[in-house]
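In what follows, a single structure is set out as C-alpha cells and then discussed.
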Amino acid sequence: MLKIHNTLARDKQEFKPIEANKVRMYVCGMTVYDYCHLGHARVMVVFDMVYRWLKSSGYDVTYVRNITDIDDKIIKRAAENKESIHTLTQRFIDAMHEDADALGVQRPDHEPRATQFIPQMLQMVEQLEQNGLAYKAADGDVNYAVRKFDGYGKLSGKSLEDLRAGERVEVASDKNDPLDFVLWKHAKAGEAEEVQWESKWGKGRPGWHLECSAMGSELLGNHFDIHGGGADLQFPHHENEIAQSEGAHGCQYVNYWMHNGFVRVDNEKMSKSLGNFFTIREVLKKYDAEVVRFFILRAHYRSPLNYSDHHLDDAKGALTRLYTALKLPSPASGITSDLAALPPSRMASSSIRGAGGEGSVDWNEPYAQRFKAAMDDDFNTPEAVAVLFDLANEANRSQSAEAAAQLKALAGVLGLLQRDAQEFLQGSATAGGLDDAAINAQIEARIAAKKAKDFAEADRIRKALLEAGIVLEDTAQGTSWRRA
RNA sequence: GGCGCGAUAGCAAAGCGGUUAUGCACCGGAUUGCAAAUCCGUAGAGCCCAGUUCGACUCUGGGUCGCGCCUCCA
C-alpha cells in the first residue's frame with residue numbers, strides 16, 4: 001500500500017486513485033529561457049522516480065509535465081538576444097531534453113506548451129468571470145478576486161490576514177485587493193506580435209498560473225490524482241492554481257499535492273535570483289550523469305539536498321560499489337558460480353520492467369520486499385538504496401549471479417545500474433588522460449614484468465597508472481582496471 | 001512580523017519507544033608477491049532542558065540554532 005505525503009493534509013496518506021489502477025499526474029516543469037540547473041534536475045529526477053514507481057506498482061499512469069514558453073522573463077531575454085521568443089524557447093527546450101535524457105529521465109506522456117493552450121486558458125478566464133471570481137481592472141488586466149474564493153490558502157496554510165500582514169512594498173496597480181493575481185495581462189505598447197493574443201478583454205497574454213490550470217484540465221480532467229513541483233511553488237503558484245481550477249469547475253482539483261525539497265549550496269537555496277546555481281550541463285562535464293541521478297535519489301525527495309563536489313565524489317564512490325557488485329564472473333574465463341548456472345525460474349515470477357527494459361524483479365524475495373516497503377512509504381529512496389547495498393553485499397559474499405541480477409533489476413526501478421558495469425567503472429578517457437589502448441599496453445607490460453618476477457617494475461607501472469587515475473585490480477581472471 | 005520545515009556518529013543519510021540502518025572515511029583481521037576489489041570484525045550518534053514511560057534518538061512541552069515561503073524562482 002502506497003503512502004504519499006500530501007501537502008494539502010500536511011501528512012502521509014494512503015494513496016487511492018480516483019479511477020481504479022489509473023493515476024493522472026501533473027508536474028510543474030520549466031520556464032524555458034535558460035539552461036536547467038540542479039534544482040530543475042531534482043524535480044525531473046524525483047518525479048521520474050515517482051512515475052516509474054507508480055508504473056512498477058501496476059498503475060496505468062498519465063504523466064504531464066508542462067513547459068512554460070510565455071512569460072516576462074522569456075520576453076525580456078528574447079529582446080536582449082534580439083531573437084523571437086519561439087527560437088529562444090525552442091533552443092532551451094531542446095537543451096532541457098538533452099539534460100533530462102542524460103539523467104535517465106523518461107519523457108512524460110505529455111509536455112504541453114503554454115502557447116498551445118491559449119484558447120483553453122481564455123475559456124477558463126471566462127468561466128471564472130461568469131462565476132464572479134474574475135474582473136477586468138482599469139489598467140486592462142483581468143484579475144482573480146482572491147477574497148471571493150473560500151478555500152484560498154488551504155494548500156499553503158496561509159490565511160488572507162497572514163498574507164496581508166506580511167505584505168511587501170506595494171506595487172501600484174489597479175487590483176481590487178493587493179492579493180489578487182493576474183489571469184490575463186493586457187498587451188503593452190511595443191510588445192511583439194508573437195506575445196499577444198486576441199481575447200474578449202483585448203489583446204494580451206496569460207498570467208503565470210493560468211497555464212497549469214488550463215493544461216491540467218485539458219489533459220487530465222478537472223479532477224486528477226497527483227500534482228507535483230518544487231517546494232517554492234506551493235505559494236503562490238499552486239495555491240492560485242487551486243483557486244482558478246476549483247473556482248472555475250466547482251469541484252476538487254487535485255487529491256495529492258507533492259513538493260520536493262530544494263537543492264542547496266552552502267546551506268542556502270540554489271536559485272536564479274541568488275545566482276548560486278550550477279547548470280546541469282556544467283555539472284555533467286565533471287560528473288557522470290548517473291552519479292548525479294544517484295546523488296539526488298540518495299536523499300529523500302522532501303529533504304534539502306546540499307550540493308558540493310565532495311558530496312558528488314561521495315555519491316560516485318557509493319555507486320562504484322554497486323557497479324562493482326554487478327561484475328559477474330565472465331563465462332569466457334571458465335569460472336562461473338553454481339548459482340549462475342541455475343535457470344532463472346524464480347526471477348520471472350512478477351514481470352516488472354526496469355528502467356532500461358532490463359531484467360524483471362523477483363518481488364517475493366526478501367530484499368525486494370524491503371525495497372517495496374521503502375518505496376511505498378512516501379517514496380523513501382534512501383531506504384530503498386540501502387537495500388541495494390545490502391543486496392550488493394549479498395551478491396559479493398555468495399558470488400551469486402542471481403543476487404546480482406536482482407540487484408540490477410531492483411536498481412532499474414529507480415533508473416540506476418542499467419549500464420554495463422565495466423563501461424561505468426572504466427568511464428571514458430578524460431582530456432589529456434590515458435586512452436584505453438595506452439592503459440592496456442601498460443597492463444601487458446606489467447604482466448610481463450610479473451612473469452619475470454620483476455615486482456619492482458610491476459609495482460612501478462601500477463603506481464604510474466594510479467597517478468594517472470587508473471586503478472588496477474588483479475583477479476583470478478586476470479588484471480582489470482577502472483578509472484578512479 | 002506571520003506561517004512552515006529541520007537539528008542523528010568525521011562527512012552524507014534513513015527507519016525505529018527496548019534488538020546491526022546504509023554509503024564514504026577510520027581501525028583490526030582474512031585474502032594478495034605487494035596492492036586494489038571483496039569478505040569478516042571493532043569503534044563511533046541522536047542540539048539543550050524538562051516531562052510521559054519499566055524503558056526515548058524515537059512521544060509531549062519549552063528553549064537554542066539552521067533553513068524555507070510570505071516577491072520571480074524547481
Under 3.5 Å, is there any donor-acceptor pair linking the side chain of [X] to the base of [N]?
X      : N     : result
A:K269 : B:C67 : no
A:R298 : B:A13 : no
A:D314 : B:G23 : yes

Looking only at side-chain atoms of [X], point me to the closest of [options].
X      : options             : result
A:D232 : B:A74, B:A35, B:U22 : B:A74
A:F235 : B:A74, B:C70, B:A13 : B:C70
A:H37  : B:A74, B:G23, B:A13 : B:A74
A:E268 : B:A74, B:A37, B:G68 : B:G68
A:A318 : B:G66, B:G23, B:A12 : B:G23
A:H311 : B:C3, B:A35, B:C11  : B:C11
A:K73  : B:C72, B:A74, B:U22 : B:C72
A:D474 : B:C67, B:A36, B:C34 : B:C34
A:V263 : B:C67, B:A36, B:A74 : B:A74
A:T324 : B:A74, B:A37, B:C24 : B:A37

One thing to verify: whether [Y] and [X] come together as a salt bridge, which I'm taking to mean a side-chain N less than 4.0 angstrom from a carboxylate O.
X      : Y      : value
A:D101 : A:R107 : yes
A:D141 : A:K175 : no
A:R205 : A:E191 : yes
A:R483 : A:D288 : no

Atom [atom1] of [X] and atom [atom2] of [N]: how far apart are they, to the nearest Å?
X      : N     : atom1 : atom2 : answer
A:D459 : B:G33 : CG    : P     : 12 Å
A:Y323 : B:C24 : OH    : P     : 17 Å
A:M30  : B:C72 : CE    : C1'   : 16 Å
A:K316 : B:A12 : NZ    : C1'   : 17 Å

Checking the side chain of [X] only, and the main-chain atoms of [Y] only, is there a donor and an acceptor separated by less than 3.5 Å?
X      : Y      : result
A:N66  : A:C212 : no
A:Y256 : A:L8   : no
A:R370 : A:V387 : no

Pull out every residue in residues 372-387 of chain A that has a heavy atom closer than 4.0 Å to any atom of RNA chain B, ordered by number, or say none.
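Residues of residues 372-387 of chain A under 4.0 Å from RNA chain B: A:N380, A:P382, A:E383, A:A386.
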
Heavy-atom contacts under 4.0 Å between residues 448-458 of chain A and RNA chain B, which residues?
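Contacting residues: A:K450, A:F455.
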
Rounded to whole angstrom, note down the P distance from B:A9 over to B:A14.
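It works out to 13 Å between them.
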
Run through RNA chain B and report every stem of 3 or more consecutive Watson-Crick or G-U pairs, distances under 3.5 Å, ordered by first number.
B:1-7 with B:64-70, B:10-12 with B:22-24, B:27-30 with B:38-41, B:47-51 with B:59-63

Please enumerate all residues that pass salt bridge (charged side-chain N to carboxylate O under 4.0 Å, His left out) together with A:K185, with sequence neighbours excluded.
A:D72

Atom pairs, N/O to N/O, protein against nucleotides 44-46 of chain B, distance under 3.5 Å?
none

Where each residue is assigned the nucleotide of RNA chain B containing its nearest heavy atom, which of A:S303 and A:G229 is assigned the position nearer the 5′ end?
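Its nearest nucleotide being more 5', the pick is A:S303.
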
More 5' along RNA chain B: A:H310 or A:V471, using each one's nearest nucleotide?
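Taking each residue's closest nucleotide, the earlier one in sequence belongs to A:H310.
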
Check nucleotides 40-43 of chain B for protein N or O atoms closer than 3.5 Å to its own N or O atoms and list the pairs.
residue: B:C40; atom: OP1; partner: A:R397; partner atom: NH1; Å: 2.9
residue: B:C40; atom: OP2; partner: A:N393; partner atom: ND2; Å: 3.4

Identify whether any heavy atom of A:G29 sits under 4.0 Å from a base atom; if not, whether one sits that close to sugar-phosphate; answer base, sugar-phosphate or nothing.
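Sugar-phosphate: the residue A:G29, judged by heavy atoms under 4.0 Å, touches backbone atoms but no base.
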
What's the spacing between A:D225 CG and A:M258 CE if we round to 0.5 Å?
12.0 Å

Atom CD of A:Q422 with >12 non-hydrogen neighbours under 6.0 angstrom
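Not buried by this count: 12 neighbours or fewer within 6.0 Å.
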
Should we count NZ of A:K154 as having more than 12 external heavy atoms under 6.0 Å?
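Yes - once you tally the heavy atoms of other residues, nucleotides and ligands closer than 6.0 Å, there are more than 12.
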
Measure the acute angle between the ring planes of A:H238 and A:H259, then classify it against the limits of 30° and 60° as parallel, tilted or perpendicular.
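It falls in the tilted class, 30° to 60°.
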
From CA spacing to verdict: ring pair (Phe, Tyr, Trp, His ring centres under 6.0 Å), A:Y253, A:F224:
CA-CA 7 Å; A:Y253 177 41; A:F224 53 91; 5.2 Å; yes

